[in-house]
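Before any comments, here is the structure.
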Number of protein chains: 2
Amino acid sequence: MFLSTSHNKIDLKCRVSIPASFRMNLEKLKEPLILFKSLQFPCIEGTTLTRMQRYINAIDELDALSDDAFLLRMMMADSFEIKFDINGRVVIPDILMSFASLTSKAVFMGIGESFYIWSPSEYENQYNKSQKILNEKGPPKLILKKNE
Amino acid sequence: MFLSTSHNKIDLKCRVSIPASFRMNLEKLKEPLILFKSLQFPCIEGTTLTRMQRYINAIDELDALSDDAFLLRMMMADSFEIKFDINGRVVIPDILMSFASLTSKAVFMGIGESFYIWSPSEYENQYNKSQKILNEKGPPKLILKKNE
DNA sequence: TGGGATAACATGGGATTTTATGGTAGTCAA
DNA sequence: TTGACTACCATAAAATCCCATGTTATCCCA
């Protein structure tokens with residue numbers, strides 16, 4: 001599972017260290033890493049190949065001409081299988097760098113089954129937005145289910 | 001699996017480099033590459049021979065005398081098994097070049113089980129269309145499905 | 001509990017390999 | 001013999017690999 005938040009530097013080659021805990025999670029699952037454009041936010045989403053594979057399989061089950069199928073295919077096109085170097089770094093593709101307005105710093109945000117990579121300023125925007133909602137409306141009602 | 005988007009040049013002999021990751025995918029599957037006219041868009045679709053076979057089988061399950069079956073057969077007739085040169089390039093047949101309005105640049109768009117080859121301007125159209133749908137209707141529902 | 005030793009991590013830089021692409025020579029058929 | 005097609009060579013640019021280093025975190029023993 002991907003948890004916790006951390007800040008890492010992006011160098012001139014668009015390399016960035018993926019937080020060690022995220023890497024260990026992927027290693028334990030023996031899963032390659034996929035990065036793609038978030039469909040909800042101006043940030044990058046990271047997840048496992050298996051999870052991405054589920055989206056692909058879903059496309060074939062949809063009406064091939066539907067909007068949903070179309071959007072999913074566009075999402076695949078903006079997805080990249082990413083390899084680590086020996087030090088646990090990855091290169092962020094140009095397309096994703098500009099989509100998420102990344103330059104020299106990245107904020108990693110674990111959200112369970114996947115994680116986000118934000119630019120510091122977009123992250124702050126989003127953080128403030130959610131704080132505001134929390135103050136105005138109070139915490140969301142959460143109903144926790146038992147395991148299994 | 002075919003993922004990611006990239007832009008390559010088409011030379012005067014209609015040669016173009018297939019992105020290395022797409023080539024490696026085909027090699028791993030030990031599958032020949034098939035190029036054919038997309039049934040939905042003014043672009044070329046590339047896929048494996050095995051998947052092409054599945055398209056053909058699907059046509060056979062239609063009413064053989066229907067207009068749909070005839071139309072699909074016409075489209076499939078312009079399918080080509082493509083060979084790579086030693087550098088990973090292919091020659092795009094004239095019929096497909098003009099069908100997709102290709103001239104000097106090609107956009108390769110991986111969509112999972114197959115990939116598209118677009119002219120840059122058509123690609124931009126499609127991309128803008130997807131952003132519009134995303135803004136108006138939000139992300140596809142099945143994104144929210146849980147594991148298993 | 002403190003503080004030094006050790007390991008893990010993040011990051012910079014340079015060497016090496018891969019990739020994309022232009023070009024040329026050879027082959028076959030009309 | 002010409003034109004189209006194929007196979008292969010050459011090169012620049014880009015991606016990748018791997019070593020070096022400083023910094024932070026962890027461990028262990030006094």
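A note on names: the letters A, B, ... follow the listed sequences, proteins ahead of strands, and every chain is numbered from 1.
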(request) Please name all residues satisfying salt bridge (Lys or Arg N to Asp or Glu O under 4.0 Å) with B:Arg73, sequence neighbours left out, ordered by chain then number. (result)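 Salt bridge (Lys or Arg N to Asp or Glu O under 4.0 Å) list for B:Arg73, sorted by chain: B:Asp60.
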
Ignoring hydrogens and angles, write down the donor-acceptor pairs under 3.5 Å from the side chains of residues 76-95 of chain B, residues two or more places apart or on other chains.
residue, atom, partner, partner atom, Å
B:Asp78, OD2, B:Lys37, NZ, 2.7
B:Ser79, OG, B:Met76, O, 2.6
B:Asp85, OD1, B:Asn87, N, 2.8
B:Asp85, OD1, B:Gly88, N, 3.2
B:Asp85, OD1, B:Arg89, N, 3.0
B:Asp85, OD2, B:Arg89, NE, 3.2

(message) Pick the closest DNA chain D nucleotide for B:Lys13 and for B:Asn87 by heavy atoms, then say which residue is nearer the 5' end.
(response)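 Counting from the 5' end, the first nearest nucleotide belongs to B:Lys13.
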
(message) Under 4.0 Å, counting only non-hydrogen atoms across every strand here, what does A:Lys83 touch: a base, just sugar-phosphate, or nothing?
(response)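 Counting heavy atoms under 4.0 Å across all strands, no contact is made by A:Lys83.
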
(request) Using a heavy-atom cut-off of under 4.0 Å over every strand shown, decide if B:Ile18 touches base, sugar-phosphate, or nothing. (result)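 Answer is sugar-phosphate: B:Ile18 comes under 4.0 Å of backbone atoms only.
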
Whole angstrom is fine here: how far is it from [atom1] in [X] over to [atom2] in [N]?
| X | N | atom1 | atom2 | answer |
| --- | --- | --- | --- | --- |
| B:Met24 | D:dT16 | CE | C1' | 12 Å |
| A:Ile86 | D:dC18 | CD1 | C1' | 6 Å |
| A:Asp11 | D:dC17 | CG | P | 15 Å |
| B:Arg89 | D:dC5 | CZ | C1' | 14 Å |
| B:Lys9 | C:dT19 | NZ | P | 20 Å |
| A:Arg15 | D:dC18 | CZ | P | 13 Å |
| A:Lys105 | C:dT11 | NZ | C1' | 12 Å |
| A:Phe84 | D:dC18 | CZ | P | 16 Å |

Flag, side chain of [X] to backbone of [Y], donor-acceptor distance under 3.5 Å:
| X | Y | value |
| --- | --- | --- |
| A:Ser130 | A:Gln126 | yes |
| A:Asn25 | A:Ser21 | no |
| B:Ser17 | B:Pro19 | no |

(message) Could you check, using the six-membered ring where one of them is a Trp, whether B:Tyr116 and B:Tyr123 have ring centers closer than 6.0 angstrom?
(response)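 When the ring centroids of B:Tyr116 and B:Tyr123 are compared, they turn out to be at least 6.0 Å apart.
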
(message) Can you confirm if the aromatic rings of A:Phe41 and A:Trp118 lie within a centre distance of less than 6.0 Å?
(response)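 Here the rings of A:Phe41 and A:Trp118 have centres that are less than 6.0 Å from each other.
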
(message) Between B:Ala20 and B:Leu12, which residue's closest nucleotide on DNA chain C lies nearer the 5′ terminus?
(response)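 Counting from the 5' end, the first nearest nucleotide belongs to B:Ala20.
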
(request) Could you tell me, to 10°, how much the axis swings from one end of the helix from C:dT1-D:dA30 to C:dA30-D:dT1 to the other, five pairs per end? (result)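 The angle, to the nearest 10 degrees, is 30°.
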
(message) Taking only side-chain N and O atoms of A:Arg23, does any of them lie within less than 4.0 angstrom of OP1 or OP2 on C:dA10?
(response)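 Answer yes for this pair, as a side-chain N or O of A:Arg23 is under 4.0 Å from OP1 or OP2.
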
(message) With a cut-off of less than 4.0 Å, is there a side-chain N or O of B:Asn8 near OP1 or OP2 of C:dT21?
(response)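 For B:Asn8, the contact criterion (side-chain N or O under 4.0 Å from OP1 or OP2 of C:dT21) is met.
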
